[in-house]
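A note on names: the letters A, B, ... follow the listed sequences, proteins ahead of strands, and every chain is numbered from 1. On a predicted model such as this, the values are computed, not experimentally measured, just so you know.
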4 protein chains.
Amino acid sequence: MNERGLKGLESRMRLLEAAAAEFARNGFHETKISTIVKKVGLTQPSFYIYFSSKEAIFEELISEFHSNLKKLIESKRLEDNLEHMDLSNRLAEIVENVFLFLKKDPNLTRIGFSLNPKADDLIADLTIILKNNLTTEQQFGYFRPEIDMEIVAKCISAVILHLSFIYVIPGIKDTKSLSLQLVDLFLQGMLNEND
Amino acid sequence: MNERGLKGLESRMRLLEAAAAEFARNGFHETKISTIVKKVGLTQPSFYIYFSSKEAIFEELISEFHSNLKKLIESKRLEDNLEHMDLSNRLAEIVENVFLFLKKDPNLTRIGFSLNPKADDLIADLTIILKNNLTTEQQFGYFRPEIDMEIVAKCISAVILHLSFIYVIPGIKDTKSLSLQLVDLFLQGMLNEND
Amino acid sequence: MNERGLKGLESRMRLLEAAAAEFARNGFHETKISTIVKKVGLTQPSFYIYFSSKEAIFEELISEFHSNLKKLIESKRLEDNLEHMDLSNRLAEIVENVFLFLKKDPNLTRIGFSLNPKADDLIADLTIILKNNLTTEQQFGYFRPEIDMEIVAKCISAVILHLSFIYVIPGIKDTKSLSLQLVDLFLQGMLNEND
Amino acid sequence: MNERGLKGLESRMRLLEAAAAEFARNGFHETKISTIVKKVGLTQPSFYIYFSSKEAIFEELISEFHSNLKKLIESKRLEDNLEHMDLSNRLAEIVENVFLFLKKDPNLTRIGFSLNPKADDLIADLTIILKNNLTTEQQFGYFRPEIDMEIVAKCISAVILHLSFIYVIPGIKDTKSLSLQLVDLFLQGMLNEND
DNA sequence: TATGAATGAGCATTCATTCAT
DNA sequence: TATGAATGAATGCTCATTCAT
């Protein structure tokens, strides 16, 4: 009775896409529903067939992005494959996966990490998973025991996010080599050993 | 008409403070002039005696913050005192100085690095100075020659900012030890040398 | 196209019922077609198969109610049976009949006498019939000749309606005894004759 | 600081008046703020300087009307002057006072007794006061003891209201003689004593 | 230096209604 | 007989800003 047909589903999808683009470019408040529907070729009331409010569509975009990202991170637990690759490569692969995910939909990435209250929570979540992984490795003796892995996790999160915005999403740097360089930096440090 | 009496100057100051607090808490668009003036005990027209528009007061807050921060960074060029301290400590001191600056006025820090277009420029500026410093050191042989100092500079910028927001401004961690840990991480890396 | 099948007729009926309930509870403007059709399990376009507009269904409800009520009143002309009962009982019976009619469908009663322009006309119609009856009786010498029967008729109309809403429809008072009390009040007055 | 000057107070007053006229003519939902302000020669935002919402101005009109009417009724307690006039005249005077009050501002009267939820409460309040008065008289032996004064009070309320709308407010009947006729009807009844 | 009063421009949202199927 | 999809036309309300004083 309230079933959505194919055409309706497509309109909904196109609204979501258009909204993502607008929110990403202008933020929540400067984004107008009139603009979104115009892009899609609909009128304002149609918007409210599919979404109950401006907040609702924003929320929907964010929460799906967040849950997908969390899923990705959680699936990448280090313990699963501690053996079958050397440490650097395993880490680099994880980092690259995150880069690729964030690059896939730049609009969502921008919205998901914009000044919306839940962005901080998301970063915190990601950081926790990262920290757990790193702590495990540390207990295996791979990392210096005196390092506070909480801080490291927070550093890495910040770095991945920032580099995503300035290098990965704009396509300025290759994700593979960037990941390797990052891992190398964090693993080896900058110091010249010869000194 | 442009002669500022004492009372006027004070009203202006209080408006700036109130605006900083509001912008920091709610962002640009959700901040209402009516709220700002109410906090200060003035009426809306009074606002326009001192600032030509909402954008103007925002701009004024940001640009002073930005220029102060730039001044700080530029004053901390490494070359100036390459000798009189060992590398780690010199770096840590610089980092701590930035931490302390950002902690001094959390509202401004939040505004200055919010999603306002100039935040990216500011970060870029800071990163350039940092990169120049690091490159100099690298040429002196302190750092591994194969490292891309541009990337490193960007990592460090991101890390300093992020840790400022989650650790320094809330007062959760001591700036001195945090700076030292950061420098240690970036200089030595995480790897356990014994391996 | 105008052949009504069984199912269609039933849908129409159920829409009328649902509409009556909604109009009674919320009035015309606060009643939404979307609510009506939802209650019936239909969609909005289906509504327009049976009724040309929101006004149309409202009008249909009202006018049937009005014509039924008029029919009732007109059928109760006093002259028809001036003899076969004493005056009080004849009057009380008429009053009770109206009470029972109004109680039968509270929703319709509420709608029919709500602030819709025709409510006043209806009351005026009822009042005229009442007045004619009373005048007849007056000419027969039953009532004091100096009384203005127009005013009395209007009083009685108002009283019947009001008591319907507060006593009869809620079922708080028995219609028979209430009718008798009313008739007694209007016939004998309140004064204590012993004084 | 938020003080209203003379001009502001006048604008507020004129908005109240215009709103009363509109609400009375069209009811709550069909009354548009745009119409109200146009009548007063203001723009829509000005409306919100003085009233927080459409509901608020409606509420203000109603509640002032209600409280004034209650004040009037309460001031007219019979006990105060049981002796100094004969019963009929005292009662008629009270009724006439209510007529005059309701006639004074027909718009408010219409709004105050329209389909707004509190109208019923108001009528109930008035009825209670009336009933108390009547019961007192009854205990003094003026009225027949078998009469249920609750019902009488409700009848009188309904009658006064209805006659106000159809006779008093339109100016069709003189309030003084109408009051007397009403009192006579309720006191003496309609029956011809000679029978 | 400050304010009471007012406004232009805009935006989210609602609802009865229609059209193609 | 019914529905999925869409819309025209409003409307309440907000906010930065101005003007006269």
Rounded to whole angstrom units, what separation is found between the CD atom of C/E22 and the C1' atom of E/dC15?
15 Å
Pairing string of DNA chain E (Watson-Crick or G-U wobble, both atom distances under 3.5 Å; | = paired to other strand) is .||||||||||||||||||||
Nucleotide by nucleotide, nucleotides 16-21 of chain F touches protein heavy atoms under 4.0 Å in the pattern (B base, S sugar-phosphate only, - none) SBBB--
Lys/Arg N to Asp/Glu carboxylate O, D/E60 vs D/R12, below 4.0 Å
yes
Rounded to the Å, how far apart are D/F51 CZ and E/dA6 P?
12 Å
Could you list all the side-chain hydrogen bond (donor to acceptor under 3.5 Å, both in side chains) pairs where at least one residue sits in residues 18-30 of chain A, not counting sequence neighbours?
A/E22-A/N26, A/E22-A/K39, A/H29-B/E30, A/E30-B/H29
Whole angstrom value for the distance that separates C1' of E/dA16 from NZ of C/K38
14 Å
A/F65: ring pair (Phe, Tyr, Trp, His ring centres under 6.0 Å) partners, not counting sequence neighbours
A/F101, A/F113
Closest approach of A/Y48 to A/S53 (non-hydrogen atoms, all atoms of both residues)
CE2-CA, 4.1 Å
Approximate separation, where rounding is to 0.5 Å, of C/E64 CD and C/L108 CG
7.5 Å
Minimal heavy-atom distance between D/A20 and D/N107, with the atoms involved, is O-CB, 3.8 Å
Can you tell me how far P of E/dA6 sits from CG of D/L42, to the nearest Å?
6 Å
Nearest heavy-atom contact between D/L69 and D/L102 is CD2-CD2, 4.3 Å
Atom of A/L122, atom of A/G112 and distance for their closest heavy-atom approach:
CD2-O, 4.5 Å
For A/Y50, report the nucleic acid contact type (base, sugar-phosphate, nothing); a contact means any heavy atom under 4.0 Å.
sugar-phosphate
Among F/dA2, E/dG8, E/dA5, which is the nearest nucleotide to the side chain of D/K7?
E/dA5
Expected output is a numbered-order residue list: members of residues 9-21 of chain A with a heavy atom under 4.0 Å from any atom of DNA chain E. What is it?
none
Restricting to ring pair (Phe, Tyr, Trp, His ring centres under 6.0 Å), what partner residues turn up for D/F23, sequence neighbours left out?
D/F28, D/F58
Salt-bridge present (A/K118, A/E59; N to O < 4.0 Å)
yes
Nearest heavy-atom pair of B/I111 and B/I62: which atoms, and what distance?
CG2-CG1, 3.8 Å
Within the pair C/S46 and F/dT1, is there a side-chain N or O less than 4.0 Å away from OP1 or OP2?
no
What's D/I49 touching, base or sugar-phosphate or nothing? Going by heavy atoms closer than 4.0 Å.
base
